[in-house]
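Input: a single structure, listed below in structure tokens.
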Amino acid sequence: MNSLIGQILNNRYQIQSLLGRQVGRRTFLATDLTTQTLVVLKLLLFGPDFIWDDLKLFEREADTLKSLDYPSIPKYLDAFELETELGSGFGLVQSYIEARSLQDWIDTGRNFSEAELKAIATQVLDVLIYLHRQQPPVIHRDIKPSNILLDDSRSGHSPGQIYVVDFGSVQTLHHSGTLTIVGTYGYMPPEQFGGRTEPASDLYSLGATVIYLLTRTHPADLPIRNGRIQFKASSQVSASFEAWLKCLIQPDCERRFTSTQLALTALNDEHFIAPTYLPLAAKPADSKVELTKTNDQIQITIPPVGWRRKLEVIYTNIGLTLFCCLPLLLGLWHPLQGKRKKTIEKLCYFARPAARTVSM
């Protein structure tokens, strides 16, 4: 790809340097000769490493960026087909953002305080709220330190302005039937390995990203217990912030925050306490009860009970009633023992048959 440096593509974009490399895609810094501004140029070439899923994701990224308009998201500028000495392909042009990725900041030794981490999470959540409110909702699917840019305008507790980039893995819920697995190991939630994503999937990736900024350890290198990333942060951040992070990285997406807005509200709650989940008991093998769960309700279906089962229930209830009343009956027997003995003797006297003499 170095052979493309200096070349002019589509009679307009002169390539300056290589910014990133992924399987099937290359990202360059280029100069728009028409406007004399810097732009980001993504190329997808039909080479040996090309697969059709790359083209599908490439087109989806272009279509998604066309429909988005948010200050913290790159703007779509142009798209075109191209022919190069390396082969044919497609180009996608986006606005250039003068900022460094969080990964770059960590690599240069920068540390982030809790206030700065909260500010970063807040800005990313603002972007995710915008994406998830689209119709249909847009799921980024690859939130990670290298896809979050931070400029150098830090002041006070503000770390600077945040930008979310690289929509090459984006998915809309309208395309939820796809089985394409994309993302970055360590930042991907469990459901994403099965090709399924929800808005809560981006929350998991954000939580893993913040944990990386906090611990300076890749999430894949941290211990896992019961499917959840284990990290020690008590000495570095407040208990409420640690609880908030643990909510984000719940393995079960239904146990994370139900919406991005709710996650943002909880982040600003200094007294936030993560809910405690008890393990669910397994349903007995012979149970006929059916449990159906949807997004907004749980339906429990109990089949009709046969007459044999009804008798079993009746006899069981009678037995339980007698068993529970037995201590009471025994307690009443002692103080009334004397009176009851006399009463029983009288009843026995009147009830006994008259004496008879039998002669032999």
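All of these numbers come straight from a predicted model, not from anything done at the bench.
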Do Leu245 and Leu222 share a hydrophobic cluster (ILVMFWY, side-chain heavy atoms under 4.5 Å, transitive)? yes
A side-chain contact here means heavy atoms from C-beta on lying under 4.5 Å apart; do Tyr70 and Val164 qualify? no
Using atom types as modelled and distance alone, determine if a side-chain donor or acceptor of Thr217 lies under 3.5 Å from a backbone N or O of Thr215. yes
Checking Arg228 against Gln250 for the side-chain contact (heavy atoms from CB on, under 4.5 Å) test, could you report, in this order, the C-alpha distance in whole Å, the side-chain angles of both residues, the deciding distance, and whether it holds? CA-CA 6 Å; Arg228 191 172 70 180; Gln250 283 284 350; 3.3 Å; yes
Just jot down the side chain to side chain donor-acceptor pair (under 3.5 Å) partners of Arg216, sequence neighbours excluded, or say none. Asn111
With a 4.5 Å cut-off on side-chain heavy atoms, are Glu116 and Leu150 touching? no
What's the separation between atom CG in Leu125 and atom CG in Leu267, rounded to the nearest 0.5 Å? 6.5 Å
Among residues at least two apart in sequence or on other chains, which ones pass salt bridge (Lys or Arg N to Asp or Glu O under 4.0 Å) with Glu59? none
To the nearest 0.5 Å, atom CZ of Arg25 lies from atom CG of Leu44 at 8.0 Å
Answer yes if Leu4 and Leu19 sit in the same cluster of Ile, Leu, Val, Met, Phe, Trp and Tyr residues linked by side chain heavy atoms under 4.5 Å apart, and no otherwise. no
Quick one: does Gln94's side chain get under 4.5 Å of Glu61's, heavy atoms only? yes
State whether a side-chain donor-acceptor pair under 3.5 Å links Asp269 with Ser240. no
Quick one, Asp166 with Lys42, criterion salt bridge (charged side-chain N to carboxylate O under 4.0 Å, His left out). Give me CA distance, side-chain angles, the key distance, then yes/no. CA-CA 10 Å; Asp166 195 351; Lys42 289 189 173 184; 3.1 Å; yes
N/O donor-acceptor pair under 3.5 Å between Arg141 side chain and Ser169 backbone: yes
Working for side-chain contact (heavy atoms from CB on, under 4.5 Å), residues Trp105 and Phe112: CA-CA 10 Å; Trp105 284 113; Phe112 296 95; 4.2 Å; yes
Minimum heavy-atom distance Ala121-Val210, with the two atoms named: CB-CG2, 4.4 Å
Output the distance between atom OG1 (Thr122) and atom CD1 (Ile162), rounded to the nearest 0.5 Å. 10.5 Å
Where is the tightest heavy-atom contact between Gln236 and Glu114, given as atom of each residue plus distance? O-OE1, 4.3 Å
Under the 3.5 angstrom rule, does the side chain of Ser101 hit a backbone N or O of Asp104 as a donor-acceptor pair? yes
Provide the closest heavy-atom pair for Phe58 versus Leu43 in the form atom of the first, atom of the second, distance. CE1-C, 4.4 Å
I need the minimum non-hydrogen distance between Asp202 and Val138, along with the two atoms involved. OD2-O, 4.4 Å
Under a 4.5 Å cut-off applied to non-hydrogen side-chain atoms, are Leu38 and Thr31 in contact? yes
Is any side-chain heavy atom of Ile139 less than 4.5 Å from a side-chain heavy atom of Leu131? no
Looking only at heavy atoms, the pair that brings Pro251 and Asn226 closest together is CG-O, 3.7 Å
Under 3.5 Å: donor-acceptor pair, side chain of Gln123, backbone of Gly160: yes
Show your working on side-chain contact (heavy atoms from CB on, under 4.5 Å) between Ile224 and Ile229 and close with a plain yes or no. CA-CA 5 Å; Ile224 301 293; Ile229 300 171; 3.8 Å; yes
Step through the shown structure and confirm whether more than 12 heavy atoms of other residues, nucleotides or ligands are within 6.0 Å of CG on Asn11. no
Taking the side chain as everything from C-beta on, heavy atoms only, tell me whether Lys118 gets closer than 4.5 Å to Ile120. no
Looking at Ser17 and Leu29, would you say the former's side chain and the latter's main chain have a donor-acceptor pair under 3.5 Å? no
Listed by chain and number, what are the ring pair (Phe, Tyr, Trp, His ring centres under 6.0 Å) partners of Tyr212, not counting sequence neighbours? none
Hey, would you say the Phe46 and Phe90 ring centroids sit under 6.0 Å apart? yes
Ring centres under 6.0 angstrom apart (Phe257, Phe272): yes
Under 4.5 Å between side-chain heavy atoms, hopping through other hydrophobics if needed: is there a path connecting Leu203 to Leu214? yes
Closest heavy-atom pair and its distance - Val165, Pro74: CG1-CG, 3.8 Å
Decide whether Ser72 and Gln161 meet the rule of one side-chain donor and one side-chain acceptor closer than 3.5 Å. yes
Is it the case that the side chain of Asp252 and the backbone of Glu254 share a donor-acceptor pair, with hydrogens and angles ignored and the cut-off at 3.5 Å? yes
Interatomic distance, CD@Gln192 vs OG@Ser201, rounded to 0.5 Å, equals 5.5 Å
Any side-chain heavy-atom pair of Tyr187 and Ile143 under 4.5 Å: no
Could you please spell out the steps behind the side chain to side chain donor-acceptor pair (under 3.5 Å) verdict for Thr184 and Asp142? CA-CA 6 Å; Thr184 302; Asp142 202 17; 2.8 Å; yes
If only atom types and distance count, is the side chain of Trp244 paired as donor or acceptor with the main-chain N or O of Asn268 below 3.5 Å? no
Rounded to the nearest 0.5 Å, what separates atom CD1 in Ile148 from atom OG1 in Thr209? 5.0 Å
Under 4.5 Å between side-chain heavy atoms, hopping through other hydrophobics if needed: is there a path connecting Leu68 to Val170? yes
Does any non-hydrogen side-chain atom of Leu65 lie less than 4.5 Å from one of Ile73? yes
Straight-line distance of Asp54 CG to Leu45 CG, nearest 0.5 Å: 11.0 Å
Report, as yes or no, whether the 6.0 Å neighbourhood of atom CD1 on Ile273 holds more than 12 heavy atoms from other residues, nucleotides or ligands. no
Could you give me the CA-CA distance, side-chain angles and deciding distance for Val93 and Tyr76, then say whether side-chain contact (heavy atoms from CB on, under 4.5 Å) is met? CA-CA 6 Å; Val93 184; Tyr76 168 89; over 6 Å; no
Do Ile5 and Leu9 sit in one hydrophobic cluster, given that two such residues count as connected whenever their side-chain heavy atoms are within less than 4.5 Å of each other, even indirectly? yes
Tell me if a side-chain donor or acceptor on Tyr130 pairs with a main-chain N or O of Asp69 at a distance below 3.5 Å. yes
Output yes when a side-chain donor or acceptor of Arg256 lies under 3.5 Å from a complementary backbone atom of Ala200, and no otherwise. yes
Yes or no on side chain to side chain donor-acceptor pair (under 3.5 Å) for Asn147 and His140, after CA distance, side-chain angles and deciding distance? CA-CA 10 Å; Asn147 285 341; His140 188 280; 5.0 Å; no
Go through the side-chain N and O atoms of Glu270 and Ser238 and say whether any donor and acceptor fall under 3.5 Å apart. no
